[in-house]
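Here is the structure we will look at.
Both backbone and side-chain heavy atoms feed into the values below; hydrogens, waters and symmetry mates do not. The structure displayed is predicted, hence computed values, not measured ones. Just follow the structure's listing: the first ligand is 1, and inside any ligand the first atom is 1.
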Amino acid sequence: MNILFVSSEVAPFAKTGGLGDVSAALPRELRARGHDVRIVVPMYARVHAPGRTFREVIPELVFALGGRIVRVGIYAATLPGSDAEVYFVRCPSLYDRPNIYGSGGDEHLRFAVLDWAALKLCQALRFAPAIVHCNDWQTSLIPLLLRTLFAWDKLFDGARTVLTIHNLGHQGTFPASAAAECGLGATLGSVHQDELHAGRFGFLLTGILYANALTAVSPTYAREIQTPEHGVGLDGYLRGRRDVLRGILNGIDDTEWNPAADAHLADRFDADDLRGKERCKAALLDGAGLPYRRELPVVGVVSRLVWQKGFDLCEQVLPSMLERRAFQLVVLGTGEPRFEEFFSRLARAFPRQVAFRPAFSEKLAHAVEAGSDLFLMPSRYEPCGLNQMYSLRYGTVPVVHRTGGLADTVWDFNPASGRGTGFVFEHFDAGGLGWALGRALDTWGSGAGSDRARWEHLQRNGMRLPFGWRHRVEEYLELYQQLAPGA
Ligand code: ADP
Ligand code: GLC
């Protein structure tokens with residue numbers, strides 16, 4: 001099947017979060033099944049890492065966008081671990097910036113150009129996609145473009161669109177004038193008219209209205225976004241399209257995230273032999289400048305430090321918990337100054353217990369996942385979440401809020417039956433988080449010392465779960481085949 005996969009992030013070339021991981025790992029798995037999947041992503045400044053080379057595919061594609069002439073080049077590289085082709089849209093005036101997102105007033109143009117360029121590229125290559133898989137607001141003009149301005153081209157006759165919602169918190173909403181600037185002037189009547197009259201134009205809303213199928217990145221999130229509480233103003237539209245909306249849980253790249261063969265780690269381990277994990281813990285603490293004590297549990301955090309992730313609860317819970325309970329905390333993340341300052345203060349106040357690394361580092365992320373005993377993810381909302389799955393794979397027991405993909409991947413531990421994989425709190429408040437973290441520390445405490453059997457049992461419950469994409473890709477293929485039978 002010919003699949004065009006368009007995304008604003010693809011790891012390892014450009015990643016700020018899970019979207020980058022998914023946009024590499026899902027196409028990799030599709031390609032492994034023999035499908036012809038082509039990925040399209042902007043050529044940001046950071047794509048040019050040392051040692052990377054790119055093939056020039058098309059020196060110049062020219063198109064008009066609302067009276068502006070746009071010239072882009074298309075370059076290609078192979079997706080690491082695969083022979084799938086990644087196409088990079090080169091347009092230095094739009095993409096050659098230090099940050100992937102938000103560093104100018106032209107965000108709508110940056111991603112409108114991506115959407116147009118992806119379709120122009122298909123035309124130039126005569127690549128007829130059966131499925132055009134769009135991801136988040138940045139690629140949400142494509143379904144409308146295919147139904148209107150590109151509908152004349154027989155190349156796209158068989159094309160069906162899937163829009164995956166990774167995060168409804170980002171909708172790409174701009175002043176109404178953006179629609180014409182994005183090249184939709186000739187088809188303005190197809191854009192949501194009430195919104196236009198109210199002075200707004202929304203990328204994601206446009207995608208939700210026009211995609212042939214919608215997916216959310218977990219079944220629980222697919223339900224949640226249809227409610228006023230989690231719908232961020234789009235729940236009515238999502239309910240209106242509930243017949244084509246489904247939740248498909250993300251997978252993880254279990255080659256990259258495999259504690260038995262992880263090159264980033266001080267040692268390796270698996271469910272049958274956890275000794276290497278203890279050495280990873282010692283190495284993590286050593287690197288973080290904290291004393292190692294086997295009997296003290298280490299709580300890890302790897303995250304964007306933003307409101308979505310629930311760190312305001314940590315502000316309320318962690319200082320008193322660190323005073324009362326014996327544990328250590330290692331935090332890796334960057335984000336809002338408020339949370340960076342909070343974790344810096346915490347590290348200063350508890351220098352033997354807390355380490356904070358305000359950085360983005362793949363290597364450290366692996367070290368924290370492997371070397372921690374517990375993983376803290378108190379997200380306010382979480383469309384899917386990958387880190388809790390990495391944690392489960394690494395025998396690092398997650399403490400999570402029951403929301404979105406966290407609810408679908410972590411089951412509360414019941415000491416009596418021995419079932420469950422983590423510690424889950426229902427109510428998003430300080431009491432909820434304190435309760436779950438307290439229970440986690442109690443469970444550790446009761447199993448520490450000479451008899452770790454109960455803790456290891458809990459670790460193994462999670463380590464044995466099949467979260468790899470190879471177990472998940474079928475759901476996407478089933479959807480593709482329903483949309484494009486015979487392709
Ligand atoms: P989100 O996409 O909302 O940030 P996910 O859990 O889906 O949440 O994915 C986050 C991804 O980003 C994971 O691969 C995680 O390891 C990575 N990540 C987040 N912060 C950092 C960081 N500071 N350093 C390295 N990797 C990070
Ligand atoms: C978004 C969500 C996260 C999800 C990721 C990949 O960034 O915040 O929950 O795992 O996309 O789908």
Side-chain angles (χ1 to χ4, degrees), residues 5 7-12 14-27 46 100-101 133-139 163-171 204 215-222 224-225 230 232 247-254 256-257 262 264 300-311 330-336 339-340 343 355-370 372 375-394 396 398 400-401 403-410 467 469 472 476:
F5 194 96
S7 177
S8 59
E9 300 186 20
V10 175
K15 159 176 165 180
T16 67
L19 173 64
D21 289 340
V22 171
S23 301
L26 171 56
R46 69 179 63 185
I100 291 188
Y101 301 120
H133 195 145
C134 309
N135 295 277
D136 275 350
W137 74 262
Q138 291 87 353
T139 56
L163 169 60
T164 294
I165 298 171
H166 296 262
N167 194 337
L168 203 64
H170 303 281
Q171 301 183 356
L204 189 62
T215 69
V217 287
S218 69
T220 297
Y221 194 56
E224 286 173 344
I225 57 178
H230 292 282
V232 205
I248 301 181
L249 190 69
N250 284 333
I252 63 170
D253 184 330
D254 57 5
E256 195 197 331
W257 291 94
D262 187 329
H264 295 296
V301 171
V302 179
S303 186
R304 296 184 291 121
L305 300 179
V306 296
W307 180 84
Q308 174 196 340
K309 302 292 178 179
F311 291 112
V330 178
V331 178
L332 171 66
T334 57
E336 291 170 21
F339 299 125
E340 291 196 9
F343 285 115
F356 172 47
R357 290 286 171 275
F360 195 96
S361 156
E362 288 291 336
K363 188 176 173 62
L364 271 179
H366 285 249
V368 174
E369 288 290 1
S372 305
F375 192 86
L376 189 57
M377 208 161 160
S379 308
R380 176 176 269 100
Y381 75 93
E382 194 61 77
C384 178
L386 300 175
N387 279 107
Q388 81 283 9
M389 291 192 267
Y390 301 154
S391 300
L392 289 165
R393 188 100 207 283
Y394 280 63
T396 302
V400 305
H401 174 215
T403 184
L406 298 175
D408 294 336
T409 53
V410 185
F467 283 127
W469 268 111
R472 309 238 53 91
Y476 277 107

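At least one heavy atom of G385 sits less than 4.0 Å from an atom of ligand 2.
If you look at F343 and F311, their ring centroids are closer than 6.0 Å. Checked against the 6.0 Å centroid criterion, the rings of Y101 and H170 do not qualify as a close aromatic pair.
The distance criterion of under 3.5 Å between nitrogen or oxygen atoms is not met by T16 with respect to ligand 1. At under 3.5 Å, a nitrogen or oxygen of G18, whether backbone or side chain, sits near a nitrogen or oxygen of ligand 1. In terms of polar-atom proximity, defined here as any N/O pair under 3.5 Å, L386 does make such a contact with ligand 1.
Close approach of ligand 2 to N167 is summarised as follows: ligand atoms under 4.0 Å from at least one heavy atom of the residue are 8 (O).
At a heavy-atom distance under 4.0 Å, no atom of H166 approaches ligand 1. The proximity of L19 to ligand 2, defined as any non-hydrogen pair under 4.0 Å, is limited to the backbone. For N250, every heavy-atom contact with ligand 2 shorter than 4.0 Å involves the side chain, none the backbone. With a 4.0 Å heavy-atom cut-off, ligand 1 is reached by the backbone of A359 but not by any atom from C-beta on. Contacts between D21 and ligand 1 below 4.0 angstrom, taking non-hydrogen atoms only, involve the side chain exclusively. Heavy atoms of S303 found under 4.0 angstrom from ligand 1 belong exclusively to the backbone.
With hydrogens left out, the protein atom closest to atom 8 (O) of ligand 1 is K309 NZ, 3.1 Å, a heavy atom. Protein heavy atom at the shortest distance from atom 18 (N) of ligand 1 is F360 CE1, 3.8 Å.
R472 is linked by a salt bridge (charged side-chain N to carboxylate O under 4.0 Å, His left out) to E475, counting only residues two or more places apart in sequence or in another chain.
The salt bridge (Lys or Arg N to Asp or Glu O under 4.0 Å) contacts involving residues 375-391 comprise K309-E382, D312-R380, where partners must be two or more places apart or lie in separate chains.
Proximity of F467 to L386: side-chain heavy atoms (C-beta onward) are nowhere separated by under 4.5 Å.
The two atoms that bring V302 and F375 nearest to each other are N-CZ, 3.4 Å, heavy atoms only.
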